[in-house]
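Written below as structure tokens is the structure these notes are about.
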Amino acid sequence: LQAPAALAAYQRCLALDSTYAPAAAGLGAVLFREKRYAEALVPLEKAVRLNPLLTKAFFNLGNAYLRTGQQEQGQRALQVSARLEKQDTRIDELQYGLLSYTDQAELYFDLGVLYGQRGELGKARIKYEQAIARDSTMAPAFLNLGNLYLRTRHPDQALAFFQRAVRLDSGYALAYG
């Protein structure tokens, strides 16, 4: 699409759903490409506020800040973008590994850790459960599930996972005794 058509399309989309982060990010990206950096800040800020996992939106936001003389904010946004990019790359690597090694509990566990770090707790829970389905003795997966349930205010479920982790590895008893 040409810039005017793209701008109009994103604006229509946001008029229908003002909370759709990809449309806000797209609008900001088009404005950025058009060198309308100050205008790009508003939709880019909105996009990352709505979805703090939009790597490219953080990248564009950081550069828009830099282009408008806001060095500190620009550096912060670019640091977030770099961190997210590393996580995105690692997630892609692990998912690719699962195509060949579907029985590797460690791959599921590692994905669970990454998703947990990103605040994607539903995805993290699923990956930990998949890890346990492949290795029912994986104490760290039970421990992390317990922590996840504690974070989501389900202490009874958390306790059951902590107890299972301690049964599998008594070293956890010191931390959760």
- Item | Main-chain N/O of Thr102 paired to Tyr108 side chain as donor or acceptor, under 3.5 Å | yes
- Task: Would you check if Phe162 and Leu143 make a side-chain contact, meaning some heavy-atom pair closer than 4.5 Å?
- Result: yes
- Contact summary for Leu44 and Ala29, nearest pair of heavy atoms: CD2-N, 4.2 Å
- Donor-acceptor contact present, side-chain Thr89 to main-chain Glu85, <3.5 Å: yes
- Hydrophobic cluster identity match, Val166 and Phe142, side-chain contacts under 4.5 Å: no
- Query: Heavy-atom distance under 4.5 Å between the side chains of Lys86 and Arg90, does that happen here?
  - Reply: no
- From Thr55 atom OG1 to Leu84 atom CG, the distance as rounded to the nearest 0.5 Å: 4.0 Å
- Set of residues satisfying salt bridge (Lys or Arg N to Asp or Glu O under 4.0 Å) with respect to Asp135, sequence neighbours excluded: none
- Message: Can you tell me if Phe59 has over 12 outside heavy atoms packed within less than 6.0 Å of its CZ?
- Response: no
- Mind checking the CG-CD spacing from Asp110 to Gln104? Nearest 0.5 Å is all I need. 10.5 Å
- Can you find a pair of side-chain heavy atoms, one from Arg164 and one from Ile132, that are under 4.5 Å apart? no
- Task: Working to the nearest 0.5 Å, report the span between CG of Asn144 and NZ of Lys127.
- Result: 15.0 Å
- Locate the shortest heavy-atom distance separating Leu54 from Ala47; write the atom from each residue and the value. CD1-O, 3.8 Å
- The reported gap from CD in Gln157 to OH in Tyr149 (rounded to nearest 0.5 angstrom) is 5.0 Å
- Message: Please check this pair: side chain of Ser100 against backbone of Tyr96, looking for a donor-acceptor N/O pair closer than 3.5 Å.
- Response: no
- Task: Please work out which of the three classes, parallel, tilted or perpendicular, describes the rings of Phe109 and Tyr128, given edges at 30° and 60°.
- Result: tilted
- Message: If I compare all heavy atoms of Ala23 with all of Cys13, which pair ends up nearest, and what's the gap?
- Response: CB-SG, 3.6 Å
- Query: Do Leu53 and Leu78 belong together in a cluster built from hydrophobic side chains that touch within less than 4.5 Å?
  - Reply: no
- Honestly curious: do Leu50 and Val48 fall in one hydrophobic cluster under the side-chain, below-4.5 Å linking rule? no
- Which of Glu45, Gln70, Gln73 passes side-chain hydrogen bond (donor to acceptor under 3.5 Å, both in side chains) with Tyr65? Answer is Glu45
- Query: In Å, rounded to the nearest 0.5 Å, how long is the span from CG of Leu14 to CZ of Arg12?
  - Reply: 11.5 Å
- Check Val30 against Ala3 and note the closest heavy-atom contact, atom names and distance. CG1-O, 4.0 Å
- Looking at Met138 and Ala131, what are the two nearest heavy atoms and their distance? SD-CB, 3.9 Å
- If we only count heavy atoms from C-beta on, is the Asp88 to Arg118 side-chain gap below 4.5 Å? yes
- Does some side-chain heavy atom of Lys123 sit less than 4.5 Å from a side-chain heavy atom of Ile126? no
- Message: For the CD1 atom of Ile91 and the OH atom of Tyr115, what is their distance to the nearest 0.5 Å?
- Response: 5.0 Å
- Query: Would you call Leu27 and Lys46 a side-chain contact if the rule is heavy atoms closer than 4.5 Å?
  - Reply: no
- For atom CZ of Arg83, decide whether the heavy atoms of other residues, nucleotides or ligands shown that lie under 6.0 angstrom number more than 12. yes
- Message: Tell me the closest heavy-atom pair linking Phe58 and Ser81, and the distance in Å.
- Response: CB-CB, 3.9 Å
- Message: How about CD on Gln71, more than 12 heavy atoms from neighbouring residues, nucleotides or ligands closer than 6.0 Å, or not?
- Response: yes
- Non-hydrogen side-chain atoms of Val42 and Leu31 separated by less than 4.5 Å: no
- Query: Cluster question for you: counting only ILVMFWY and a side-chain heavy-atom cut-off of under 4.5 Å, with indirect links fine, are Leu148 and Leu150 together?
  - Reply: no
